[in-house]
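All residue numbers in this chain count up from 1 along the given sequence.
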Amino acid sequence: MTDSAAPTTAPITASEDVLRRSREAVAGVSTGVFVEGEWTEAASGRRFDVVDPATEEVVATVADGGPEDAVRAIEAAGRAQKDWARTAPRERGEILRRSHDLIMARRDELALVMSTEMGKPLAEARGEVAYAAEFFRWFSEEAVRIGGDMTLSGDGRTRILVSKEPVGPCVLVTPWNFPLAMGTRKIGPAVAAGCTMVFKPANLTPLSSLALVDVLVEAGLPAGVLNVVCTSRASSVVGPWMSSGIARKISFTGSTEVGVRLLEQAAQHVMRSSMELGGNAPFIVFEDADLDVAVEAAMTAKMRNMGEACTAANRLFVHRSVAGEFSARLAERMGSLTVGHGVAQGTQVGPLVEEKALAKVEELVDDALARGASVLCGGRRAGGRGWFYAPTVLSGVSPEAALMSQEIFGPVAPVVAFDSEEQVLGWANDTPWGLVGYLFTRDVDRSFRVSEALEVGMVGINTGLVSNPAAPFGGVKASGLGREGGRTGIEEFLETKYTAVPRGR
Ligand code: NAD
């Protein structure tokens, strides 16, 4: 453990009443394998535990799927594909629209489930529920706008008809950090496009996804269109799907390491692949930036989800002339946040998702300190029970520190001073990742120049939040392939077919 700059108060706990409601919400979730419209136990009969990261208590067990369940699920998706592709776009859109409304009607309950299994504060969980629902509303509107095209060949002899068709059965795999929204960001466009699905949510946070199944069924999704298998051994389920020859697409959100492995498997059957992978976002504050705006944005870009976000500001580069003031103001804000059980009233920062995540953050901070960084606030675990880490600001961080080249995935903001635009651009792009970059300046020319020079898929100018269902989300380099959301989101689930029709004489 490291020394901290100030003593850390113990995380706040939830009242008995709130705990009871959280446990009741969890108990209301179906926890089986969902195939062809039926809930069953896993073929093995096994179950795995879901743990509340604030208390380390097991709050539920979930059917632990394996290869047999996986095969049943992908075969069901394969059988349902033809009829599902023939449904009217409006019908698919209406299912999504009803699902949006049902999610919003159950917002509090879903937020409780999410906060309990993942740790994020209730206010953030409610925000994610609305964000997740919005993907369904967005894609309900896209379902009826799948376009086509007809042109004439250059010599005028052929009509060129271009139409769009669903890709076919899709494999969907999601991470634990946004347990609901990462699922709806894939299920929404797949439903809109007319694709059937097999879905494996993260084993740390399966309950939010399982709760979503009941929503979609109630909204009228036909049996076989969505099949869900949770598991404690990811490859035992996803492996059979990838090698089935039935699945035509993989849409994955998670680490670059697993994404690369899945791309190798996808190559065997030449599957369409969408990859939303890791990030290492630079957050650049120029000397002319509005520091009020920059500090506020840093709080969002760093502390959303306790820093457990692919879009999290991982490296804060601040011009030397304002680095001291920026760091002090950020430390004041970060140091005054209330750490506690996500479901407890007043909590602003919840626990990290598991012990391993906490140990990694601790190791990264220790490494930075050993290389000369100073702690401005936090710098250590918070509390005995639960996987809490105190919001931390580090200054004087060496470019060699491990947290500059890895995803921190925790509430730690390393600040590095820079001297010139050229220098900071070199540092910002010196990473295999390229998901998002943030920049703060009042100079319009510079904002465009730097935005264009950043090797990323998304840029926030004077803002710490880029996620938006109406925008194309995704990265370049090792951060991924394809885009989710926006006008392009549905294209990932559509194939283009060209039909030649001679004009005759
Ligand atoms: P992870 O890669 O460990 O797991 C993601 C999913 O893949 C989980 O469902 C997991 O069970 C499954 N998985 C793990 N090993 C597998 C295997 N061998 N075969 C098939 N599936 C396997 O990632 P994580 O820890 O759950 O999530 C954190 C990562 O996700 C971070 O790197 C983060 O940046 C990234 N992320 C990216 C985005 C984005 O949109 N770009 C969004 C959220 C998270």
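Shown here for P166 and C195, the closest heavy-atom pair between the two residues is CB-SG, 3.9 Å. Of all non-hydrogen atoms in V343 and A14, the two that sit nearest each other are CG2-CB, 3.8 Å. Shortest non-hydrogen contact noted between A247 and I74 is CB-CD1, 3.9 Å. The shortest non-hydrogen separation linking G340 to P351 is O-CD, 3.8 Å. Here the closest heavy-atom approach between residue L454 and residue G437 is recorded as CD1-CA, 4.3 Å. Counting all heavy atoms, side chain and backbone alike, G259 lies closest to L277 at CA-CD2, 3.9 Å.
Between S274 and K249, some side-chain heavy-atom pair lies under the 4.5 Å cut-off. Within the 4.5 Å cutoff, no side-chain heavy atoms of S479 are placed close to those of T256. Side-chain contact between L337 and M303 is present, with heavy atoms from C-beta onward closer than 4.5 Å. Between L172 and I187, some side-chain heavy-atom pair lies under the 4.5 Å cut-off. Under the 4.5 Å side-chain criterion, counting only non-hydrogen atoms from C-beta, V217 is not in contact with L226. Using a 4.5 Å cut-off on side-chain heavy atoms (C-beta onward), K164 and T496 make contact. Annotation: side chain of T196 is not in contact with side chain of C170 (no heavy-atom distance under 4.5 Å). Counting heavy atoms from C-beta on, the side chains of T431 and R315 come closer than 4.5 Å.
Among the candidates V339, V349, V353, the single residue satisfying the side chain to side chain contact (heavy atoms under 4.5 Å, CB included) test with M306 is V349.
Side-chain N or O atoms of N280 include none that pairs as donor or acceptor with a backbone N or O of A313 at under 3.5 Å. Distance alone, capped at 3.5 Å, is enough to place a donor-acceptor pair between the E407 side chain and the G279 backbone. Between the side chain of D49 and the backbone N or O of A60, no donor-acceptor pair lies under 3.5 Å. Within the 3.5 Å criterion, the main-chain N or O of A111 finds no donor-acceptor partner in the side chain of S115.
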Decide yes or no on salt bridge (charged side-chain N to carboxylate O under 4.0 Å, His left out) for E296 and R333, but give the supporting numbers first. CA-CA 9 Å; E296 193 57 47; R333 292 283 304 276; 3.0 Å; yes
Derivation of the salt bridge (charged side-chain N to carboxylate O under 4.0 Å, His left out) call for R92 and E142: CA-CA 10 Å; R92 300 196 299 268; E142 291 296 280; over 6 Å; no
Going through the distances and angles, do E134 and R137 end up as a salt bridge (charged side-chain N to carboxylate O under 4.0 Å, His left out)? CA-CA 5 Å; E134 190 56 29; R137 179 156 60 181; 2.8 Å; yes
Steps toward side chain to side chain contact (heavy atoms under 4.5 Å, CB included) verdict (L180, V129): CA-CA 7 Å; L180 202 59; V129 172; 4.1 Å; yes
Please test E308 against M118 for side chain to side chain contact (heavy atoms under 4.5 Å, CB included), starting from the C-alpha separation and ending with a verdict. CA-CA 11 Å; E308 294 171 315; M118 189 270 164; 3.5 Å; yes
Could you go step by step and tell me if R98 and E218 meet the side chain to side chain contact (heavy atoms under 4.5 Å, CB included) rule? CA-CA 9 Å; R98 284 194 293 273; E218 205 174 317; over 6 Å; no
Would you check, one step at a time, whether the test side chain to side chain contact (heavy atoms under 4.5 Å, CB included) holds for V18 with R21? CA-CA 5 Å; V18 170; R21 278 192 287 123; 3.7 Å; yes
Verdict with reasoning, D64 to R233, per salt bridge (charged side-chain N to carboxylate O under 4.0 Å, His left out): CA-CA 8 Å; D64 195 358; R233 295 149 296 134; 3.7 Å; yes
T116 and S22: side-chain hydrogen bond (donor to acceptor under 3.5 Å, both in side chains), yes or no, with the steps? CA-CA 7 Å; T116 303; S22 125; 3.1 Å; yes
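For T61, the side-chain hydrogen bond (donor to acceptor under 3.5 Å, both in side chains) partners are R47, not counting sequence neighbours. Residues that satisfy the ring-ring contact (aromatic ring centres under 6.0 Å, His included) test with F34, not counting sequence neighbours, are W39. Residues passing the ring-ring contact (aromatic ring centres under 6.0 Å, His included) test with F135 are Y131, sequence neighbours excluded. Qualifying ring-ring contact (aromatic ring centres under 6.0 Å, His included) partners for W84, counting only residues two or more places apart in sequence or in other chains: none. A88 meets the side chain to side chain contact (heavy atoms under 4.5 Å, CB included) test with E91; sequence neighbours excluded. Partners of F283 according to the ring-ring contact (aromatic ring centres under 6.0 Å, His included) rule, which considers only residues two or more places apart in sequence or in another chain, are Y438, F440.
In this model, no donor atom of one side chain and acceptor atom of the other lie less than 3.5 Å apart for T338 and T347. In summary, the side chains of S232 and N203 do not present any donor paired with an acceptor at a separation below 3.5 Å, with no hydrogens or angles considered. For the 3.5 Å distance criterion, the side chains of S208 and E117 qualify, holding a donor opposite an acceptor. Counting only N and O atoms by type, the side chains of N177 and N305 include no donor and acceptor under 3.5 Å apart.
Within the structure, the salt bridge (charged side-chain N to carboxylate O under 4.0 Å, His left out) test picks out the following pairs touching residues 260-270 (sequence neighbours left out): E257-R261. Judged as a ring pair (Phe, Tyr, Trp, His ring centres under 6.0 Å), not a single pair has a partner in residues 222-243 (not counting sequence neighbours). For residues 184-206, every residue pair satisfying the salt bridge (charged side-chain N to carboxylate O under 4.0 Å, His left out) rule, not counting sequence neighbours, is listed here: R185-E484, K186-E484. Contacts classified as side chain to side chain donor-acceptor pair (under 3.5 Å) and involving residues 451-466 (residues at least two apart or in different chains) are given here: E455-K477. Sequence neighbours left out, not one pair with a member in residues 206-215 passes salt bridge (charged side-chain N to carboxylate O under 4.0 Å, His left out). For residues 74-83, the set of pairs meeting the salt bridge (charged side-chain N to carboxylate O under 4.0 Å, His left out) definition, not counting sequence neighbours, comprises E36-R79, D83-R86.
We find that R23 and E57 are joined by a salt bridge, their nearest charged nitrogen and carboxylate oxygen being less than 4.0 Å apart. Contact check on E24 versus R20 returns a salt bridge, with a Lys/Arg side-chain nitrogen under 4.0 Å from an Asp/Glu carboxylate oxygen. Here R483 does not pair with E491 in a salt bridge; the nearest charged N to carboxylate O distance is not below 4.0 Å. The pair E495-R248 fails the salt-bridge criterion, with no side-chain N (NZ, NE, NH1 or NH2) lying under 4.0 Å from an Asp/Glu carboxylate O.
The line from OG1 of T311 to NZ of K302 is 10.0 Å long, rounded to the nearest 0.5 Å.
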